[in-house]
Amino acid sequence: MRNRIALTAALTTGLIVLTAASATAAPNESRTAASGDARACADVKLSGALPVPPAGMAVRQDVSIGPDCTPVLGPARLVPKAGPVANAQAAPAAAAADRQVRSWSEMYDCCNIRMTGLYTTSDWSSDGTVVTTSSTDATQQWNREPWNAGWSLKSSGKSADCVANCAVSTNVADASFTYKGIFDPTGNVYANTHRSTVALKADGTASCEFEVDLKNTFIGWNWQRGCE
């Protein structure tokens with residue numbers, strides 16, 4: 001219970017940082033770049049950070065594209081982790097040294113269809129002084145349409161500044177997506193780029209940072225991000 005109260009306080013404080021984080025859109029004269037619709041927004045860039053919650057919990061946050069192409073930041077919510085959590089409440093000494101954190105960054109359209117997503121899973125061990133070992137895997141998902149159309153993965157990558165004997169292991173994953181389908185047969189209008197950064201620390205804590213660049217978007221699109 002103390003951990004949950006402390007994290008709730010941290011999230012409340014973190015909202016100030018999240019609100020101040022980069023979340024911009026192009027001027028209004030560029031809004032019609034996507035198919036001439038006045039609800040369109042060009043060159044939208046969003047970013048934010050979330051703390052990693054206690055075992056068995058997840059932190060989720062939604063950011064929607066609001067009127068005048070301005071981002072509308074939803075609350076950071078502390079919720080039970082989805083799916084079975086084995087021994088989530090147990091805290092033996094060995095478990096404290098071996099940790100795992102998952103992050104996700106997903107773009108949804110106004111009909112709540114997930115267009116693109118980037119997901120990371122990081123494992124690390126520490127002795128309280130240094131991160132002894134660490135590793136991060138990244139996966140991507142995207143929505144396809146009939147007749148071999150829809151979103152496609154253009155490129156992806158991951159990197160780490162340190163994987164052993166370091167105070168902090170910073171892991172970065174990125175994925176770029178393009179679209180060619182029913183809403184744009186040319187393939188030149190839409191593109192999403194996700195970037196997720198997970199910092200794994202020697203004291204067993206971690207943090208998640210997120211960025212997404214949208215070449216063209218619409219009011220009502222929704223960015224969902226989280227870590228657990």
Review point. Quick one: do V44 and W151 end up in the same hydrophobic cluster if we chain Ile, Leu, Val, Met, Phe, Trp and Tyr together by side-chain heavy atoms under 4.5 Å apart?
Key: yes
Revision key, fill the gap. The reported gap from CG in N143 to OH in Y179 (rounded to nearest 0.5 angstrom) is 8.5 Å
Exercise for review: Return the minimal non-hydrogen interatomic distance between C208 and C227, and the atom names on each side.
Suggested key: SG-CB, 2.9 Å
Check your understanding: Under 2.5 Å between the SG atoms of C69 and C41?
Key -> yes
Review point. For K180, does the NZ atom sit with more than 12 other heavy atoms under 6.0 Å from it, leaving out its own atoms?
Key: no
**Study point:** Point-to-point distance, once rounded to the nearest 0.5 Å, from CG of D109 to OH of Y190
**Key:** 10.0 Å
Exercise for review: For side-chain contact (heavy atoms from CB on, under 4.5 Å), just list the numbers for T170 and T197, CA-CA rounded to whole Å, side-chain angles, deciding distance to a tenth of an Å, and then say yes or no.
Suggested key: CA-CA 7 Å; T170 303; T197 302; 3.7 Å; yes
Exercise for review: Answer yes or no: is there a side-chain heavy-atom contact under 4.5 Å between D123 and D98?
Suggested key: no
Review point. In the single-linkage hydrophobic clustering (I, L, V, M, F, W, Y; side-chain heavy atoms under 4.5 Å), do I65 and L73 co-cluster?
Key: yes
Practice item. Is it possible for you to say whether L153 and M115 belong to one hydrophobic cluster, with membership spreading through side-chain heavy-atom contacts below 4.5 Å? Key: yes
**Study point:** Donor-acceptor contact present, side-chain R195 to main-chain E211, <3.5 Å
**Key:** no
**Study point:** Separation of T136 OG1 from K158 NZ (nearest 0.5 Å)
**Key:** 7.0 Å
Check your understanding: Taking the six-membered ring for Trp, are the ring centroids of W104 and Y119 within less than 6.0 Å of each other?
Key -> no
Practice item. Heavy atoms only: give me the nearest E228-M57 pair and the separation to one decimal. Key: CB-O, 3.5 Å
**Study point:** Side-chain donor-acceptor contact under 3.5 Å, T120 with S103
**Key:** yes
Exercise for review: For C110, enumerate each residue passing the disulfide (SG to SG under 2.5 Å) test, keeping only those at least two apart in sequence or located in another chain.
Suggested key: none
Check your understanding: Short question: side chain of W124, backbone of K201 - any donor-acceptor pair under 3.5 Å?
Key -> yes
Check your understanding: Are a donor atom and an acceptor atom from the side chains of N222 and S64 found within less than 3.5 Å of each other?
Key -> no
Point to revise | Cluster link V189 to I182, ILVMFWY, side chain under 4.5 Å | key: yes
Point to revise | Exam field: side chain T121 to backbone R102, donor-acceptor pair closer than 3.5 Å | key: no
Exercise for review: Verify, without hydrogens or angle tests, whether T178 (side chain) and K154 (backbone) share a donor-acceptor contact under 3.5 angstrom.
Suggested key: no
Practice item. Please determine if R60 and D62 form a salt bridge, counting it only when a charged side-chain N lies under 4.0 Å from a carboxylate O. Key: no
Practice item. Could you pull out the closest heavy-atom pair between G181 and E145, with the gap in Å? Key: CA-OE1, 3.6 Å
Check your understanding: Would you call the rings of W142 and F177 parallel, tilted or perpendicular, where under 30° means parallel and over 60° means perpendicular?
Key -> tilted
Study note, to complete from the structure: Heavy atoms of L200 and N171 approach each other most closely as CD1-ND2, 3.6 Å
Practice item. Before giving the answer on side-chain contact (heavy atoms from CB on, under 4.5 Å), spell out for C162 and V131 the whole-Å C-alpha distance, their side-chain angles and the decisive distance to 0.1 Å. Key: CA-CA 9 Å; C162 179; V131 174; over 6 Å; no
Check your understanding: Roughly how far apart are W221 CH2 and L214 CG, rounded to 0.5 Å?
Key -> 6.5 Å
**Study point:** Steps toward side-chain hydrogen bond (donor to acceptor under 3.5 Å, both in side chains) verdict (S122, R99)
**Key:** CA-CA 8 Å; S122 300; R99 298 291 308 277; over 6 Å; no
Review point. What's the spacing between S176 OG and D213 CG if we round to 0.5 Å?
Key: 8.5 Å
Point to revise | Hydrophobic cluster identity match, Y108 and F218, side-chain contacts under 4.5 Å | key: no
Revision key, fill the gap. Nearest heavy-atom approach of Q140 to L118 is CG-CD1, 4.2 Å
Check your understanding: In Å and rounded to the nearest 0.5 Å, what is the CD to CD distance from Q61 to Q224?
Key -> 11.0 Å
Check your understanding: Is there a donor in the side chain of T70 and an acceptor in the side chain of D68, or the other way round, less than 3.5 Å apart?
Key -> no
Practice item. Over all heavy atoms of both residues, which pair between Q141 and R114 is shortest? Give the atoms and the distance, please. Key: OE1-NH2, 2.6 Å
